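One structure below.
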Amino acid sequence: MFEAGTRQPGTMAAIIGLEREALEAVCGEAAAGETVVVANINSPGQLVVSGTVAAVERAMKLAEERGARKVVRLNVSGAFHSPLMSPAGRELVEYIKGFPFRDASVGVVCNADAKLVTRSDEIIDALGRQLTSPVFWADSMSVLCARWSGPILEVGPGKVLAGLLKRIDAARPVRSIGTSAELSEALAAGAQGTPRSA
C-alpha cells in the first residue's frame, strides 16, 4: 500500500458531521476528473474520504461549506481504501494465494461490502477488495449485531473500535482487550452469546 501511494500520491481526510449521502455528493462534485471517494464509514456522521491530493482538498472545502462540524486531513502516506490502491490489491491477492486457505467454519463479515463470507475464494477476494473498497465498518457492525446477541470484544491496542460501536449500537456490551492477561480473563469468563438467524 505504501508503494502504491508513492506511485500514485494521495491522501485522506476525516469528515465529521455529514451523512454518507451528502458526502458522496460532495465527492462527486470534488472529483473533477480525479479520484475522491468515501473510504471509511466508521459510524453515523463519522466518515473518511480518500483520493488524489487536489480532489481531497476540494472535498474538504466543499464539506465545510455543506455544514461538516469538523474536517481534518489525515497524516497518511496514500489514498487507502480507494481505487488508487488497485496495484496493491492485485499484489496482495497474489501473495495470499500462496497460503493454504480453507472455508471458514463461521461467517466472516467482509468490511468491503458488509456481507458474510465463508468460502475460501470469497475470503481471498474480500481481502483484496478491502484495499480499494470503502470500509463499511458501521454496516459490518450492524450485520454482526443482528446475528450475535452477546457482548462484543475489541482485541488489540486501544479502544477506538469499541467507541465507534457504541455510536452504532449504544445498548450493546463492548469490551476492549489490550493485553494477553485481559484476553485470558475474557476467555475464562466465557463471553457467551447466542447467534441469531438471518
Side-chain angles (χ1 to χ4, degrees), residues 1-93 109-115 125-145 154 156-170 172 174 176:
M1 292 174 77
F2 177 78
E3 289 174 6
T6 60
R7 291 195 293 264
Q8 176 60 68
T11 192
M12 302 175 77
I15 312 293
I16 311 298
L18 280 186
E19 293 304 314
R20 186 186 312 186
E21 295 77 16
L23 189 55
E24 287 171 348
V26 162
C27 288
E29 288 181 46
E34 296 184 53
T35 298
V36 60
V37 296
V38 177
N40 295 75
I41 298 103
N42 293 330
S43 66
Q46 185 175 341
L47 309 168
V48 176
V49 297
S50 180
T52 61
V53 173
V56 168
E57 288 175 348
R58 288 192 294 270
M60 291 170 68
K61 185 173 186 297
L62 276 173
E64 286 178 329
E65 291 171 1
R66 302 283 165 83
R69 289 196 317 271
K70 190 173 184 180
V71 175
V72 179
R73 185 162 165 180
L74 302 178
N75 184 20
V76 294
S77 61
F80 306 127
H81 308 295
S82 84
L84 299 180
M85 288 290 116
S86 293
R90 289 190 297 270
E91 290 175 33
L92 177 63
V93 168
V109 182
C110 168
N111 66 15
D113 57 18
K115 294 181 180 173
D125 174 66
L127 288 169
R129 284 188 295 118
Q130 73 171 340
L131 299 188
T132 58
S133 300
V135 175
F136 289 98
W137 176 257
D139 303 73
S140 296
M141 291 300 96
S142 294
V143 167
L144 180 62
C145 288
E154 174 185 6
K159 300 179 180 181
V160 172
L161 301 180
L164 292 175
L165 182 60
K166 287 177 183 175
R167 293 181 185 161
I168 297 162
D169 185 346
R172 178 63 55 132
V174 59
S176 297

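Position 1 is the first residue of the sequence; numbering continues from there. Because the structure is a prediction, the values reported are computed rather than measured.
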Point-to-point distance, once rounded to the nearest 0.5 Å, from CZ of R66 to CD of E29: 4.0 Å
For a 4.5 angstrom cut-off between non-hydrogen side-chain atoms, does N111 reach H81? no
Tell me whether the count of non-hydrogen atoms from other residues, nucleotides or ligands lying under 6.0 Å of CD in E3 goes above 12. no
Which value, rounded to the nearest 0.5 Å, describes the distance between L23 atom CG and L62 atom CG? 10.0 Å
Answer yes or no: is there a donor N or O on one side and an acceptor on the other, between the side chain of T132 and the main chain of P83, under 3.5 Å? no
Check against side-chain contact (heavy atoms from CB on, under 4.5 Å), V56 and R73: CA-CA 9 Å; V56 168; R73 185 162 165 180; 5.6 Å; no
Can you tell me how far CD of Q46 sits from CH2 of W137, rounded to the nearest 0.5 angstrom? 12.0 Å
Distance check, rounded to the nearest 0.5 Å: M85 atom CE versus Q130 atom CD? 13.0 Å
Residue pair I41 / P134: nearest heavy atoms and the distance that separates them: CD1-CB, 4.1 Å
Go through I168 and S43 one step at a time and tell me if the side-chain contact (heavy atoms from CB on, under 4.5 Å) criterion holds. CA-CA 6 Å; I168 297 162; S43 66; 4.2 Å; yes
Assess whether side-chain contact (heavy atoms from CB on, under 4.5 Å) is satisfied between V76 and T11, documenting all intermediate values. CA-CA 6 Å; V76 294; T11 192; 4.2 Å; yes
Assess whether side-chain contact (heavy atoms from CB on, under 4.5 Å) is satisfied between N40 and M12, documenting all intermediate values. CA-CA 10 Å; N40 295 75; M12 302 175 77; 3.6 Å; yes
If you look at every heavy atom in S140 and V109, which pair is closest and at what distance? CB-CG1, 3.5 Å
For L47 and L18, the nearest pair of non-hydrogen atoms, with its separation, is CD1-O, 3.4 Å
Any chance you could measure L165, atom CG, to L144, atom CG, to the nearest 0.5 Å? 8.0 Å
All heavy atoms of R7 vs all of P87, minimum pair found to be NH2-CB, 3.2 Å
Could you check if a side-chain atom of V36 sits within less than 4.5 angstrom of a side-chain atom of T52, using non-hydrogen atoms only? no
Going by heavy atoms in the side chains, are M141 and D169 under 4.5 Å from each other? no
Straight-line distance of R58 CZ to E34 CD, nearest 0.5 Å: 4.5 Å
So, do D113 and R129 sit near enough that their side-chain heavy atoms are less than 4.5 Å apart? yes
Applying the side-chain contact (heavy atoms from CB on, under 4.5 Å) criterion to E64, which one of V71, I15, V26 satisfies it? V71
Could you tell me whether a side-chain N or O of S50 sits under 3.5 Å from a main-chain N or O of F80, the two making a donor and an acceptor? yes
Side-chain contact test, heavy atoms from C-beta onward, threshold under 4.5 Å: evaluate it for D139 versus R20 and give yes or no. yes
